[in-house]
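Order of listing sets the numbers, starting from 1, for every ligand and every atom in it.
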Amino acid sequence: MPDSSATTKLKNDVDSRMKGGVTIIVLGASGDLAKKKTFPALFALFRNNFLPEHSQIVGYARTKMDCDEFHKRVVSHLKSDDPAHDQKVKDFLSICHYVAGQYDQEEYWEKLDQYVTDLENKESLKKEQKNRIFYMALPPSVFVPVASGLRKHVYGKEATTSVVIEKPFGKDLESCNALLEDIKRLFKEEEVYRIDHYLGKELAKNIMSVRFSNMIFSPLWNATHIDSIQITLKEKFGTEGRGGYFNEFGIIRDVMQNHLLQLMSLVAMERPISRDSEAIRDEKVKVLRCVKPITAEDSLLGQYVKNGDKPGYLDDDTVPKDSLCATFAALVLWVDNERWANVPFILKAGKALDTAKVDIRIQFKKLPGSLFCNVPRNELVFRVQPGEAMYMKFNNKSPGFSDETMITELDLTYENRYKNLKIPEAYETLILDVMRGDHSNFVRDDELVAAWRIFTPLLHHIENEKIKPEPYPYGSRGPDKLDKFVKKYGVERLAHENYQWPLQKLED
Ligand SMILES: *[C@@H]1O[C@H](CO)[C@@H](O)[C@H](O)[C@H]1NC(C)=O
């Protein structure tokens with residue numbers, strides 16, 4: 001493996017904190033998130049020997065089932081191309097247990113604690129090895145009762161305790177503050193890891209490296225040179241019968257206030273004084289505090305409608321027939337500081353669109369002067385998914401006799417460039433970070449507050465004024481008004497935005 005020294009370092013980090021022992025307790029273990037994300041990530045960590053020598057995993061949920069049934073559910077999502085896959089799965093299952101219980105009754109938490117204590121004793125764990133990680137794969141409604149039950153009865157008294165929490169972290173500034181208060185009463189901030197899994201993605205982690213380790217980018221990274229920044233998350237599918245949950249939140253709360261804003265803060269923040277997690281999070285909070293609350297004029301909302309045999313959002317039986325919930329939004333954020341004065345950050349996200357992708361597009365200013373007039377702008381793109389890539393659109397003399405310029409790109413497509421490329425799943429690296437005690441890629445409490453402050457006025461305006469989203473056909477690029485909307489902010493749609501790397505043919 002090319003990065004064997006990196007993996008050795010990570011393993012050492014885990015060992016120095018976990019001292020060779022941990023029990024990971026997955027709350028909500030029978031749910032979708034646990035099955036599809038948490039357990040596959042734990043399996044990957046197990047397979048790659050990242051888990052401490054004495055590790056046990058305990059699933060906990062209300063569903064009554066025995067351990068075999070639980071294993072069956074877990075196995076269906078475990079995949080690898082390892083020739084020893086079946087054996088590894090078997091070994092993994094031998095450390096996976098299941099306990100059924102309620103979320104709101106003391107006796108069940110006592111039972112869970114007893115179960116975990118018995119496992120620790122069976123493994124003859126030393127005091128400092130009795131680390132406990134609570135992974136909350138739970139709906140928000142049961143979140144606080146579970147956290148308090150755990151704190152009271154299952155908290156690791158002898159070694160470290162970590163609590164991993166998933167979104168949603170409230171619905172607006174007020175509910176977020178209430179949730180933060182509830183958690184603060186139970187756990188210390190350094191014990192809490194708020195997952196935003198976009199922060200575990202390779203290209204998100206690369207933003208800081210690219211910005212701050214390249215002399216060619218650092219000086220260009222401001223309003224003098226950059227014209228606009230677009231951060232886009234497109235999904236191909238609609239809610240397809242699962243709109244009940246989504247309808248309560250809408251696209252802005254679902255992916256923009258968290259994932260896209262996190263990417264934006266990495267693009268916009270100032271250089272941190274070190275790569276220490278608090279130094280990084282300090283800068284993220286600082287820049288978020290400079291962002292003005294989004295105005296209604298700077299927003300465009302959409303809702304997908306039927307297109308051929310593809311159903312509209314309101315055709316989803318789990319969605320109220322008169323729902324005004326946005327399944328698409330384009331929002332423009334302004335960072336009110338010297339670096340970013342008048343540079344629009346355009347966040348776009350939507351379901352049931354023409355393609356599935358997440359990317360960050362940094363569009364530079366138009367070239368002044370007349371030596372080369374009308375050449376397209378430079379554009380730097382981070383493609384987060386699918387197919388990690390970074391590329392730079394730049395102008396180049398058309399090779400051969402021609403003296404015209406043509407647009408081409410400096411292309412770092414990971415799978416072409418790196419041999420034996422293995423990019424871990426976001427959840428895998430994030431759980432590894434929890435064991436290492438590294439908070440860099442998790443969201444701090446003040447970051448959340450800063451984030452909600454930007455979005456809450458708009459969200460309340462949309463709800464109070466019952467703003468009607470623009471219809472757009474399933475599978476399209478979004479509402480018709482989108483092109484006009486982004487043009488207002490000076491964004492040019494470059495000729496080949498959905499460029500697929502063909503070799504360019506030279507014109508005669
Ligand atoms: C941007 O950076 C350049 C130096 O690279 C500097 O000359 C310019 O004043 C900066 N502009 C802003 C708005 O900070």
salt_bridge(Asp359, Arg383) N-O dist < 4.0 Å
no
Using 4.0 Å as the upper bound for N to carboxylate O, is an ion pair formed by Arg253 and Glu463?
yes
Who passes side-chain hydrogen bond (donor to acceptor under 3.5 Å, both in side chains) against [X], sequence neighbours left out?
{"X": "Tyr414", "result": "Asn206"}
{"X": "Glu278", "result": "Arg281, Arg444"}
{"X": "Arg17", "result": "none"}

Within 45 degrees of the axis of the six-membered ring of Phe249 and under 6.0 Å from its centre: does Lys171 put its NZ or CZ there?
yes
Which pairs of N or O atoms, one from ligand 1 and one from the protein, are separated by less than 3.5 Å, and what is the distance for each pair?
residue  : atom   : partner : partner atom : Å
ligand 1 : 2 (O)  : Pro219  : O            : 3.4
ligand 1 : 2 (O)  : Asn222  : ND2          : 2.4
ligand 1 : 5 (O)  : Pro219  : O            : 2.8
ligand 1 : 11 (N) : Asn222  : ND2          : 2.9
ligand 1 : 11 (N) : Thr224  : OG1          : 2.6
ligand 1 : 14 (O) : Asn222  : ND2          : 3.3

